[in-house]
Structures are given as C-alpha cells and as structure tokens.
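Reviewing the structure listed below.
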Amino acid sequence: MQIKSTRTKGELAEVLMNSKSNGPDVAYWVFSEISQGKWENMTVTTNGFYDSEFPKTYGHYHGTNVIETYMLVSGKGILQLQKKLINGPVEKVERVFMIQFEKSGEQIQIPFEWGHSWSNVGNEPLITFDDWRSGHTDSDYEIIKRLKGMSYYLVKDADTGIRAVPNENYKDLPEPEWITPEQFEKLI
C-alpha cells in the first residue's frame with residue numbers, strides 16, 4: 001500500500017460552499033495498491049466541518065466508460081451522485097441521489113455518466129474502498145471545478161442533522177433523492 005494523493009483544505013476550497021471556511025487542514029487521503037484482489041484504493045476522509053459543511057472528496061466524472069465500485073469500510077457517509085445530461089449544458093443534471101451509507105460492507109456500482117463525491121457525515125474518519133484502476137485526468141474534475149462543486153453542498157442542520165444546499169452554479173436542479181445503496185441498485 002502506498003499513499004497516492006492528499007487533498008488539503010486549500011485544494012478543496014474551490015469546491016466548498018465557502019472557499020474561505022475554517023476546518024481540517026487535510027480533507028482526505030487516498031492510498032493505492034491496497035490489495036491484490038478486487039480493491040485498488042482506500043480513501044480516508046476526515047471528520048469535522050468546514051464551517052457547517054461536512055468534509056468531502058473533490059468530486060469527479062470518469063473519462064472512460066467503466067463502472068466503478070465503492071464499499072464502505074467504516075464510518076458514516078453520503079455518496080452524492082449526479083447524472084450529467086448527455087449532449088446538454090454542463091450546468092444541468094438529470095438526477096441527484098444522496099446515498100446514505102451506514103453499515104460496513106455496503107457497496108455500490110457507479111455507472112459512467114454519474115459524477116460522485118463522498119461526504120463524511122459521522123464523528124469518525126470515513127473509510128471507503130474502490131476498484132478504480134484507470135487513473136484520473138484533469139478532465140475528470142473539470143466540470144466540478146468550473147461549477148465550484150457538486151450540485152449540492154451537504155451541511156449540518158440543527159433540526160434535521162443534514163441539509164442539502166443547492167449550488168447556484170447549476171441550473172434547474174432536481175430535488176435530491178435520499179436513498180440507500182440497495183435502493184439505488186434497484187433503480188439503475
């Protein structure tokens with residue numbers, strides 16, 4: 001196992017709801033070559049807050065038509081998925097899911113057209129495995145960077161615990177659908 005990348009608060013700032021927010025110095029670490037089996041990468045996302053926003057991964061689409069599988073190892077997270085329009089403006093997405101992961105071993109397969117980002121909504125580090133071996137290019141992150149994040153920011157809410165705040169850089173956003181990994185598997 002080796003460290004593949006580290007995403008600092010400064011690097012994550014361009015996709016945070018408030019780019020000047022206070023929070024953990026390192027948002028997450030990615031380790032590669034974690035096994036000789038199915039899993040290639042392990043991501044450890046810190047707990048805490050960037051002001052009221054939960055720590056998250058940067059978010060990206062894939063430049064190749066490959067399905068990616070994620071598994072929750074430990075912690076509590078929400079995987080935000082957004083389906084981009086094919087041959088449409090990048091500022092619009094067809095559908096947004098907030099997939100709630102709470103049990104170790106829960107898995108999900110992410111189809112090609114879906115942008116995705118993890119948020120750590122728990123009180124301990126969020127640890128996930130994935131099987132992505134193709135690497136990433138700058139173009140995988142380009143849309144997310146240009147629109148200053150995914151379609152919604154996940155923030156702490158005193159009444160409901162978690163609230164999705166629309167990213168104003170997107171147009172005509174659909175309401176997010178809050179579901180489990182099992183429910184997503186049946187829909188797609």
Legend entry - Closest non-hydrogen atom pair between Asn167 and Met150, with its separation: ND2-O, 3.0 Å
Legend entry - Co-membership, hydrophobic cluster, residues Leu126 and Tyr153, 4.5 Å side-chain: no
Legend entry - same_hphob_cluster(Val121, Val155) at 4.5 Å side-chain heavy-atom cutoff: no
Inset, instruction - Work out which heavy atom in Leu16 is nearest to a heavy atom in Ser21; give both atom names and the distance. - result: CD1-OG, 3.6 Å
Inset, instruction - Compare every heavy atom of Trp114 with every heavy atom of Arg95, then report the nearest pair and how far apart it is. - result: O-CZ3, 3.9 Å
Inset, instruction - Under the salt bridge (Lys or Arg N to Asp or Glu O under 4.0 Å) rule, collect the residues that match up with Glu185, sequence neighbours excluded. - result: none
Legend entry - Single-linkage hydrophobic cluster Ile78~Ile127, side-chain heavy atoms < 4.5 angstrom: no
Legend entry - Any side-chain heavy-atom pair of Lys56 and Leu154 under 4.5 Å: no
Legend entry - Lys84 atom NZ: more than 12 heavy-atom contacts under 6.0 Å: yes
Inset, instruction - Kindly write out the residues that satisfy salt bridge (Lys or Arg N to Asp or Glu O under 4.0 Å) with Lys83, not counting sequence neighbours, or none if the list is empty. - result: Glu94
Legend entry - Side chains of Leu79 and Ile110 in contact at under 4.5 Å (non-hydrogen atoms): yes
Inset, instruction - Could you tell me if the ring centre of Phe129 sits under 6.0 Å from that of Tyr70? - result: no
Legend entry - hydrophobic_cluster_shared for Trp29 and Met42, side chain cutoff 4.5 Å: yes
Inset, instruction - Would you name the heavy atoms of Gln107 and Thr69 that are closest together and state the gap between them? - result: OE1-CG2, 3.7 Å
Legend entry - Heavy-atom closest contact (Ser117 atom, Thr57 atom, distance): OG-O, 2.7 Å
Legend entry - CG-OG distance between Asn169 and Ser151, expressed to the nearest 0.5 angstrom: 11.0 Å
Legend entry - Gap separating the CH2 atom of Trp118 from the OG1 atom of Thr43, nearest 0.5 angstrom: 9.5 Å
Legend entry - Spacing of Ile34 atom CD1 and Asp131 atom CG [to the nearest 0.5 Å]: 10.0 Å
Inset, instruction - Calculate, to the nearest 0.5 Å, the distance between atoms CZ and CZ belonging to Phe54 and Arg163 respectively. - result: 10.5 Å
Inset, instruction - Check whether the side chains of Asn123 and Asn47 place a donor and an acceptor atom closer than 3.5 Å, and report yes or no. - result: no
Legend entry - Residue pair Val15 / Ile144, side-chain heavy-atom distance below 4.5 Å: yes
Inset, instruction - Could you tell me whether the side chain of Ser32 and the main chain of Asn41 form a donor-acceptor pair under 3.5 Å? - result: no
Legend entry - Derivation of the side-chain contact (heavy atoms from CB on, under 4.5 Å) call for Val165 and Met17: CA-CA 9 Å; Val165 177; Met17 188 167 71; 3.9 Å; yes
Inset, instruction - Verify the cluster assignment for Met71 and Leu81: are they in a single hydrophobic cluster under the rule of side-chain heavy atoms below 4.5 Å apart? - result: no
Inset, instruction - Count the heavy atoms of every other residue, nucleotide or ligand shown that sit under 6.0 Å from NZ of Lys76, and state whether that count exceeds 12. - result: no
Legend entry - Close side-chain approach of Glu168 and Lys148, heavy atoms under 4.5 Å: no
Legend entry - Test item: Gln183 and Phe97 side chains (from C-beta on) under 4.5 Å apart, heavy atoms: no
Inset, instruction - Give, for atom CE of Met1 and atom OG of Ser35, the distance between the pair rounded to the nearest 0.5 Å. - result: 10.5 Å
Inset, instruction - Report yes or no: do Gln82 and Tyr61 form a side-chain donor-acceptor pair below 3.5 Å? - result: yes
Legend entry - Approximate separation, where rounding is to 0.5 Å, of Glu102 CD and Thr180 OG1: 10.0 Å
Legend entry - Passing candidate, side chain to side chain contact (heavy atoms under 4.5 Å, CB included) with Val93, options Leu85, Leu173, Asp172: Leu173
Legend entry - salt bridge (charged side-chain N to carboxylate O under 4.0 Å, His left out) partners of residues 20-48, not counting sequence neighbours, each pair once: Glu40-Arg133
Inset, instruction - Kindly indicate whether the side chain of Tyr58, heavy atoms from C-beta on, has any atom under 4.5 Å from the side chain of Tyr28. - result: yes
Inset, instruction - Over all heavy atoms of both residues, which pair between Phe184 and Gln109 is shortest? Give the atoms and the distance, please. - result: CE2-O, 3.6 Å
Legend entry - Student check: side-chain heavy atoms of Ile108 and Phe101 closer than 4.5 Å: yes
Inset, instruction - Answer yes or no: is there a side-chain heavy-atom contact under 4.5 Å between Gln100 and Glu106? - result: no
